[in-house]
Amino acid sequence: MHALNIGGNLARIKVLLYSTIMIHLRSICATAITAVSLLTSSVQAATTVIPSTSFFSYTTLEQYWAYLYPWGSDHNGSARMVGNSSYHENIAVASSTLSLIATPTSGAVPPTSTANPNPAIHYASGTIYAKEQITVTSENSYTITGEFSAPTTFGTWPAFWLTAVVGWPPEADLGEWKGTANTWFNTFNTSSVVVSDIVPWPTDLSFHSLKAVLTAESNNVDIRIDFYMDDELKTTQFGSGFVGAALWLIIDLQMEGSSGSPGPTGTTTYMIRNVEVTRSGD
């Protein structure tokens, strides 16, 4: 009788162990499936707003970008922007590269910029802006990248920047060159509250990459902007009240203004390639 009881107990123990092991295996499998599902959903949440191929041709350029500034041809420098779907002397694409070209001009009509501070027009140049506006919310974030061959000659003022659709600021300069061997990373919270970080930039016109990652802070009011050059984090700045504000993305070659004058007497070219904008989280 004792031997039979021991055998029965062993059988029950085996069944119990088997059941316990199966429960744990099911739990592990469920956890793994959940993790894969979360990872997949995270990957699927990334949306390409502007692909890196947008400068492949004039067709792709015009699919994602518009000519000039959102408000017209003039801004705060001495260059008036010129270009459209049939005129490409100042806004050109070739070999998947955008070229913005500034040339000296005279006899401009009107002779001064229509934008404050109304400088005299000395150049014809090029600017484009993204058709889709960028709006950081508590539900999404943006990554903006590109490669740039930027002139650093005195009097040249190329930039890669974000500015408010309505009013001003917000503004964030993801790369700004002011006639020196540096690029500027700037965030304008007001006209007088400005954060700037200055990073050395080569003067040999070689291409270098810039990246900005824009993410809402936990207060759902401000955004964090991480600025990179050649895949190295250079600085982090914060935009006060930027969450929910629609922004234009602009690439332009202004002249003189903040970069000094007189500017160059010959042609200036600013080249850009592989610009990509992605949105995550929605």
Side-chain angles (χ1 to χ4, degrees), residues 65 67-84 87-94 97-129 146-163 168 171-186 188 191 194 196-208 210 229 248-273 275:
W65 303 87
Y67 295 98
L68 312 185
Y69 294 109
W71 53 84
S73 61
D74 294 359
H75 194 33
N76 54 359
S78 66
R80 175 163 290 148
M81 304 304 158
V82 182
N84 55 47
Y87 184 84
H88 297 117
E89 294 300 311
N90 303 93
I91 304 170
V93 292
T97 300
L98 169 71
S99 293
L100 301 180
I101 303 163
T103 55
T105 190
S106 60
V109 179
T112 61
S113 172
T114 57
N116 189 52
N118 310 110
I121 296 298
H122 296 152
Y123 297 87
S125 189
T127 288
I128 63 171
Y129 67 94
E147 297 174 1
F148 303 84
S149 167
T152 55
T153 304
F154 185 81
T156 62
W157 193 9
F160 180 53
W161 55 299
L162 297 163
T163 193
W168 183 87
E171 179 180 327
D173 299 321
L174 314 183
E176 181 184 24
W177 298 263
K178 300 182 182 182
T180 64
N182 300 291
T183 191
W184 293 56
F185 301 130
N186 309 308
F188 288 78
S191 58
V194 184
S196 296
D197 290 282
I198 304 171
V199 175
W201 186 271
T203 61
D204 61 358
L205 296 179
S206 57
F207 279 92
H208 293 271
L210 295 177
M229 177 179 166
W248 296 114
L249 175 62
I250 299 173
I251 309 174
D252 73 331
L253 176 55
Q254 257 304 340
M255 300 294 283
E256 299 183 322
S258 291
S259 65
S261 61
T265 57
T267 298
T268 299
T269 302
Y270 173 34
M271 294 189 292
I272 308 97
R273 66 189 186 192
V275 171

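We number each residue from 1, following the sequence as shown. Side chains included, hydrogens not; waters and symmetry mates left out as well; all remaining heavy atoms used.
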Test of understanding: with side chain to side chain contact (heavy atoms under 4.5 Å, CB included), list the residues that count as partners of [X], not counting sequence neighbours.
{"X": "N116", "answer": "N118"}
{"X": "N90", "answer": "V82, Y87, T103, A124"}
{"X": "S258", "answer": "W157, K178"}

Return the minimal non-hydrogen interatomic distance between [X] and [Y], and the atom names on each side.
{"X": "A102", "Y": "M255", "result": "CB-SD, 3.8 Å"}
{"X": "A150", "Y": "P158", "result": "CB-CG, 4.4 Å"}
{"X": "P151", "Y": "T268", "result": "CG-CG2, 3.7 Å"}
{"X": "S259", "Y": "G179", "result": "CB-N, 3.9 Å"}
{"X": "S206", "Y": "P202", "result": "OG-CB, 4.3 Å"}
{"X": "L98", "Y": "I128", "result": "CD2-CD1, 3.5 Å"}

Do [X] side-chain atoms and [Y] backbone N/O form a donor-acceptor pair below 3.5 Å?
{"X": "S149", "Y": "L205", "answer": "yes"}
{"X": "Y123", "Y": "P264", "answer": "yes"}
{"X": "R80", "Y": "T112", "answer": "yes"}
{"X": "N186", "Y": "D173", "answer": "no"}

Relative to each other, are the rings of [X] and [Y] parallel, tilted or perpendicular (30° and 60° limits)?
{"X": "Y69", "Y": "H75", "answer": "tilted"}
{"X": "W177", "Y": "W201", "answer": "perpendicular"}
{"X": "Y67", "Y": "H88", "answer": "tilted"}

Spacing of [X] atom [atom1] and [Y] atom [atom2] [to the nearest 0.5 Å]:
{"X": "E171", "Y": "S191", "atom1": "CD", "atom2": "OG", "value": "11.5 Å"}
{"X": "M271", "Y": "S99", "atom1": "CE", "atom2": "OG", "value": "5.5 Å"}
{"X": "T114", "Y": "I121", "atom1": "OG1", "atom2": "CD1", "value": "7.5 Å"}
{"X": "L174", "Y": "I250", "atom1": "CG", "atom2": "CD1", "value": "11.0 Å"}
{"X": "I198", "Y": "F185", "atom1": "CD1", "atom2": "CZ", "value": "11.0 Å"}
{"X": "I251", "Y": "L253", "atom1": "CD1", "atom2": "CG", "value": "11.5 Å"}

| note | Residue set satisfying side-chain hydrogen bond (donor to acceptor under 3.5 Å, both in side chains) with Y129, at least two apart, ordered chain then number -> none
| task | Could you tell me which residues satisfy side-chain hydrogen bond (donor to acceptor under 3.5 Å, both in side chains) with D197, sequence neighbours excluded, listed by chain and number? | result |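 D197 satisfies side-chain hydrogen bond (donor to acceptor under 3.5 Å, both in side chains) with T235, Q237 once adjacent residues are dropped.
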| Close side-chain approach of W65 to V275, heavy-atom, < 4.5 Å | yes
| message | Quick check: do I91 and L100 have side-chain heavy atoms less than 4.5 Å from each other? | response | yes
| said: Given W168, which partner from the list W71, W161, F188 fulfils the ring pair (Phe, Tyr, Trp, His ring centres under 6.0 Å) test? | reply: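 Exactly one candidate clears the test, F188.
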| request: Using distance alone, with no hydrogens and no angle criterion, decide if E256 and H122 have a side-chain donor and acceptor under 3.5 Å apart. | output: yes
| said: Which residues pass the salt bridge (Lys or Arg N to Asp or Glu O under 4.0 Å) test with E147, not counting sequence neighbours? | reply: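 Partners of E147 by the salt bridge (Lys or Arg N to Asp or Glu O under 4.0 Å) criterion, ordered by chain and then number, come out as R273.
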